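In this text, all values refer to a predicted model and were calculated from it rather than measured experimentally. Computed from heavy atoms alone, side chains included, the values below leave out hydrogens, waters and symmetry copies.
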Amino acid sequence: MYVRTVRRATPGPPLRLDTRGHALYHRTMQPFPYDAADAPATPSLADENGVHPTAQVHPTACVDQGARVGRGTCIWHFCHVLAGAEIGECCTLGQNVCVMGTARIGNGVKIQNNVSIYDGVVLEDDVFCGPSCVFTNVLTPRAFVCRRHEYRPTVVRRGATLGANSTVVCGHEIGAYAMVAAGAVVTGDVAPHALVMGVPARQAGWVCFCGERLDFGADGTCACAACGQAFALEDGRPAAVKKP
């Protein structure tokens, strides 16, 4: 077991590390759309095996030997990160988060309280997991039947949001910058930029990179009311329009 004590800084402005991962963490200061080429989806880690010196792990959390935690990541009360798990830079794991050994978490990911990232789950950069959202990895679980060989992967693509108490049934993909509403139950793939809600989840619209809902006109174009990013529908899906 590897436990790292948090050392609290003196009062003052937040520390701004001059790192690629920290730039991802402060994306609100950058124009839309975000360029996926800015940084890789794989975690940037201190070494082959260990916790980066700038990571903060609360004394009540357990980070097992063999887990890998990247620069500037914060792991809070009562979390458990199992050996083999990989967590990237500038992530935040709220209270009572469990990360299993084959889970993969990219850079700038925020996981709120009471979330378990099970084996087979991949969270790309800038994913947001709301409080008590649920992942699964077996479709037909039984307490008395071992189905570890039947784990099905779940991939949450870059910038997507899973609302509080939402559930993602395993074996599906949440597209980049999609928005899953609070309490929704996802039983199929979700398209990039799609807004889904309900039980089972059904698409109810499209959202911008910044998360605001998009209102397309008859000509198939729109601009986000919040950030101004322009979109056009291509093959029925939103595509960002780059400024000339």
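- Annotation: salt bridge (charged side-chain N to carboxylate O under 4.0 Å, His left out) contacts of E150 (sequence neighbours excluded): R147.
- A salt bridge (charged side-chain N to carboxylate O under 4.0 Å, His left out) check over residues 161-171, counting only residues at least two apart or in different chains, returns nothing.
- Contacts of F231 classified as ring pair (Phe, Tyr, Trp, His ring centres under 6.0 Å), with partners at least two apart in sequence or in another chain: H193, F209.
- Legend: salt bridge (charged side-chain N to carboxylate O under 4.0 Å, His left out) pairs involving residues 164-180, not counting sequence neighbours, sorted by first then second residue: R157-E173.
- Cluster note: L195 groups with M179, M197, V207 through ILVMFWY side-chain heavy atoms spaced under 4.5 Å, whether in direct contact or through intervening members.
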Using atom types as modelled, flag every donor-acceptor pair under 3.5 Å from a side chain in residues 78-85 to any protein atom, sequence neighbours excluded.
from : atom 1 : to  : atom 2 : distance (Å)
H80  : NE2    : D64 : OD1    : 3.3
H80  : NE2    : D64 : OD2    : 3.1

Would you be so kind as to tabulate the donor-acceptor pairs closer than 3.5 Å made by side chains of residues 211-225, with sequence neighbours excluded?
from : atom 1 : to   : atom 2 : distance (Å)
R213 : NH2    : A204 : O      : 2.3
D219 : OD1    : T221 : N      : 3.2
D219 : OD1    : T221 : OG1    : 3.0
D219 : OD2    : T221 : OG1    : 2.9

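- V145 belongs to a hydrophobic cluster whose other members, connected by ILVMFWY side-chain contacts under 4.5 Å either directly or through intermediates, are F144.
- Sequence neighbours left out, not one pair with a member in residues 131-141 passes salt bridge (charged side-chain N to carboxylate O under 4.0 Å, His left out).
- Judged as a side-chain hydrogen bond (donor to acceptor under 3.5 Å, both in side chains), not a single pair has a partner in residues 232-241 (not counting sequence neighbours).
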Show me, pair by pair, the donor-acceptor contacts under 3.5 angstrom made by side chains of residues 113-120, not counting sequence neighbours?
from : atom 1 : to   : atom 2 : distance (Å)
N113 : OD1    : Q95  : N      : 2.8
N114 : OD1    : N96  : ND2    : 2.9
D119 : OD1    : G101 : N      : 3.4
D119 : OD1    : T102 : N      : 3.0
D119 : OD1    : T102 : OG1    : 2.9

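- R202 meets the salt bridge (charged side-chain N to carboxylate O under 4.0 Å, His left out) test with no other residue; sequence neighbours excluded.
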